[in-house]
Amino acid sequence: MPAQTDFLRPLPYFSALSDADMQRVERVALERSFERGEILFLEGEPCAGLYALKSGLVRVFKSSPEGREQVLLVARPGDTFNDIPVFDGGPNPASAAALELSTVVIIPRDAILSLVDACPPAAAIVRLFAARLRRMTTLISDLSFRSVLSRLAKVLLEAAAADGGTPAQRLTQEEMAAMVGTVRDVIGRALRLLEREGAIKMQRQKIVVVNAKKLRDMV
């Protein structure tokens, strides 16, 4: 494989590395090319590493079970992507496909982590930020693909779990609307529908989850 230092060194992840660390990264970096429409990786698969786009165009996207797509990023030369699972250890949060003939450099996860492992506080901070970015990616997916009723059911399940049982936290309809990405009137109608379906029971200022399975089915 040709030397990758000239390409990788200007990228934010590598610009501050010592020559020795840069050589370690270069030794394990893998260069691959993908034809237009070819999949680089799929959502839910184990993470192969950090991707850096050397040439071409790549779209990073989320998919719904019905086949709908939400593009999160159109990567251009010099962009890096799929960094969330590198640092939080989870699966790929999205899929990626080439929009044209594209060449990427893949740096394995272990090689990236070795750069921060020498500083445990920095590693902990990076993992925290990666976890938060994963939650934001999930939120984008929810807003794109789930109905208001489905998003509300998810909020109520999470609130009940955080409360240690079936009663949901005392969230106002305005707060739930903001969390779900809608308005108070729509939340009010959705809550009444969930109550008629026997999933919840509204008691004064508290919502009680009486049938978590129904909520999970809606999610």
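What you see is a predicted model, and the numbers here were worked out from it, not measured in a lab. Throughout, residue positions are numbered sequentially from 1 according to the sequence presented.
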Original post:
Looking at residues at least two apart in the chain, or sitting in another chain, which of them share a side-chain contact (heavy atoms from CB on, under 4.5 Å) with Ala190?
Top reply: Leu149, Leu152
**OP:** Over all heavy atoms of both residues, which pair between Leu57 and Arg76 is shortest? Give the atoms and the distance, please.
**Re:** CD2-CG, 3.4 Å
**OP:** Any chance you could lay out the salt bridge (Lys or Arg N to Asp or Glu O under 4.0 Å) test for Lys201 and Glu195, step after step, and finish with the verdict?
**Re:** CA-CA 6 Å; Lys201 187 175 182 180; Glu195 189 170 33; over 6 Å; no
**OP:** Would you give the length of the straight line joining atom CZ of Arg59 to atom CD of Glu100, rounded to the nearest 0.5 angstrom?
**Re:** 13.0 Å
Original post:
Can Ser95 and Glu43 be said to form a side chain to side chain donor-acceptor pair (under 3.5 Å), step by step?
Top reply: CA-CA 5 Å; Ser95 302; Glu43 180 179 350; 4.6 Å; no
Original post:
In terms of side-chain geometry, is the basic nitrogen of Asp88 or Arg134 positioned less than 4.0 Å from the acidic oxygen of its partner?
Top reply: yes
**OP:** Indicate the atoms forming the closest heavy-atom contact of Leu53 with Phe7, along with that distance.
**Re:** O-CZ, 3.4 Å
Kindly list each side-chain donor-acceptor pair under 3.5 angstrom involving residues 207-219, sequence neighbours excluded, with atom names and distances?
from   : atom 1 : to     : atom 2 : distance (Å)
Asn211 : OD1    : Lys213 : N      : 3.3
Asn211 : OD1    : Lys214 : N      : 3.1
Lys213 : NZ     : Asp217 : OD2    : 3.1
Lys214 : NZ     : Glu197 : O      : 2.4

Original post:
Phe81 vs Tyr51 aromatic rings, parallel, tilted or perpendicular, using cut-offs 30° and 60°?
Top reply: parallel
Original post:
Under 4.5 Å between side-chain heavy atoms, hopping through other hydrophobics if needed: is there a path connecting Leu128 to Phe87?
Top reply: no
Subject >> Test item: Glu38 side-chain N/O and Glu35 main-chain N/O as donor-acceptor pair under 3.5 Å >> reply: yes
Subject >> Salt bridge present between Arg109 and Asp83 (N-O < 4.0 angstrom) >> reply: no
Original post:
If you round to the nearest 0.5 Å, how far is CD of Gln23 from CG of Leu17?
Top reply: 11.5 Å
Subject >> Pair Glu69 + Lys62: basic N to acidic O under 4.0 Å >> reply: no
**OP:** Output the distance between atom CZ (Arg189) and atom OG1 (Thr182), rounded to the nearest 0.5 Å.
**Re:** 8.0 Å
